[in-house]
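We name chains A, B, ... by the order of the sequence lines, and we start the count at 1 in each one. Here the structure is a predicted model, which is why all the values come from computation and not from measurement.
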Amino acid sequence: GEDVEQSLFLSVREGDSSVINCTYTDSSSTYLYWYKQEPGAGLQLLTYIFSNMDMKQDQRLTVLLNKKDKHLSLRIADTQTGDSAIYFCAESPNAGNNRKLIWGLGTSLAVNP
Amino acid sequence: NAGVTQTPKFRVLKTGQSMTLLCAQDMNHEYMYWYRQDPGMGLRLIHYSVGEGTTAKGEVPDGYNVSRLKKQNFLLGLESAAPSQTSVYFCASRRTSGAGSYEQYFGPGTRLTVT
């Protein structure tokens, strides 16, 4: 079945790089997403990558996609305390027309001063 | 644009009581979703709608009903609340086409406690 897995916790020091990893199972996925959830708030789209891309860079964020291994990563350069949040990986399977997303459980990123 | 709004933000119910959560979006999105978020469980889809007048079941629909009488509103009802429905409920919407059309826009959430 469809599944998205990610590690639950990551702790980094301020100024270091953070790398959050995600694996997925559906090879037909068209879009893969990273959403960010700050404490007490809803989820916000951080970035996404189309399945025909290997890499996408947006300021401090770099997304790497390895389709062969079905592995997605999010790198945050120069991590700041404001980056402390839960990061969700999600995939959008190509099948079906209801556009449901398959969600990981989220990685809680703690940034220590 | 206000985006996606949810009413109420917080609610405490007694077991057996009923309530309706309201989600409204002003982006003219066709698709709308209701999720619940529980610790260690991530986001689970309760019900969704692909257009006005249509609804469909998600992963965990039992104990909930929904209605989409107007395109901009998606209502989630609990007919007889149970403690297992204590959760944070999120509504989301998305457009049907265009670049990034798979992006879901989320509301701020409703924190529901059932005692």
Side-chain angles (χ1 to χ4, degrees), chain A residues 1-9 20 22-24 26 28-53 56 58 61 63 65 72 85-108, chain B residues 2-7 9-10 21 23-25 27 29-51 54-61 68 87-111:
Chain A
E2 302 155 336
D3 197 15
V4 174
E5 293 189 356
Q6 48 183 132
S7 54
L8 294 182
F9 301 101
I20 302 172
C22 168
T23 58
Y24 61 96
D26 192 328
S28 71
S29 290
T30 50
Y31 286 99
L32 294 129
Y33 298 87
W34 285 105
Y35 278 80
K36 178 183 180 182
Q37 183 181 31
E38 295 183 357
L43 280 72
Q44 276 191 303
L45 181 67
L46 198 57
T47 187
Y48 67 93
I49 188 166
F50 193 54
S51 58
N52 67 355
M53 298 168 66
K56 181 178 180 181
D58 184 3
L61 306 177
V63 179
L65 175 60
L72 183 73
I86 301 176
Y87 292 81
F88 290 91
C89 173
E91 63 167 338
S92 180
N94 201 28
N97 62 1
N98 53 47
R99 304 298 190 257
K100 290 188 290 185
L101 296 184
I102 310 299
W103 296 89
L105 294 185
T107 299
S108 182
Chain B
V4 180
T5 57
Q6 292 183 233
T7 310
K9 288 187 169 47
F10 303 95
L21 283 67
C23 175
Q25 52 94 6
M27 297 174 282
H29 287 173
E30 288 291 336
Y31 294 174
M32 296 187 75
Y33 309 82
W34 274 109
Y35 293 94
R36 58 178 291 174
Q37 184 179 33
D38 303 290
M41 303 291 287
L43 283 173
R44 291 184 291 170
L45 183 65
I46 305 171
H47 286 280
Y48 62 97
S49 168
V50 298
T54 72
T55 64
K57 293 180 181 179
E59 299 173 67
V60 289
R68 183 100 181 266
S87 186
V88 181
Y89 292 85
F90 288 102
C91 176
S93 71
R94 61 172 287 273
R95 60 181 184 267
T96 56
S97 62
S101 61
Y102 286 69
E103 176 181 355
Q104 293 189 12
Y105 292 79
F106 281 79
T110 294
R111 188 172 294 273

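- Within a 6.0 Å sphere centred on CE of B:Met41, other residues, nucleotides and ligands contribute 12 heavy atoms or fewer.
- Within 6.0 Å of the CD atom in A:Gln44, the count of heavy atoms belonging to other residues, nucleotides or ligands does not exceed 12.
- Ring-centre distance between A:Trp103 and B:Tyr33: not below the 6.0 Å cut-off.
- Here the straight-line distance linking atom OH of B:Tyr105 with atom CG of A:Leu45 works out to 7.5 Å at 0.5 Å rounding.
- In terms of heavy-atom pairs under 4.5 angstrom with chain B, the leader among A:Ala90, A:Gly106, A:Gly104, A:Ala41 is A:Ala41.
- Looking at A:Phe88, the atoms closer than 4.5 Å to chain B (heavy atoms on both sides) all sit in the side chain, from C-beta outward.
- Closest non-hydrogen pair, B:Gln104 versus A:Leu101, comes out as NE2-CG, 3.5 Å.
- Remark: B:Leu45 CG to A:Ile102 CD1 distance equals 9.0 Å, nearest 0.5 Å.
- Interface residue B:Gln37: only side-chain heavy atoms are found under 4.5 Å from chain A.
- Applying the side-chain contact (heavy atoms from CB on, under 4.5 Å) test between B:Glu103 and each of A:Tyr48, A:Tyr31, A:Tyr35 identifies A:Tyr35 as the sole match.
- Crowding of B:Arg44 atom CZ: a count of heavy atoms from other residues, nucleotides or ligands under 6.0 Å exceeding 12.
- For a residue to count as touching a neighbouring chain, one of its non-hydrogen atoms must lie under 4.5 Å from one of that chain's; by this rule A:Gln37 touches chain B with the side chain only.
- Atom CG in B:Leu43 sits 5.5 Å away from atom CG in A:Leu43 (nearest 0.5 Å).
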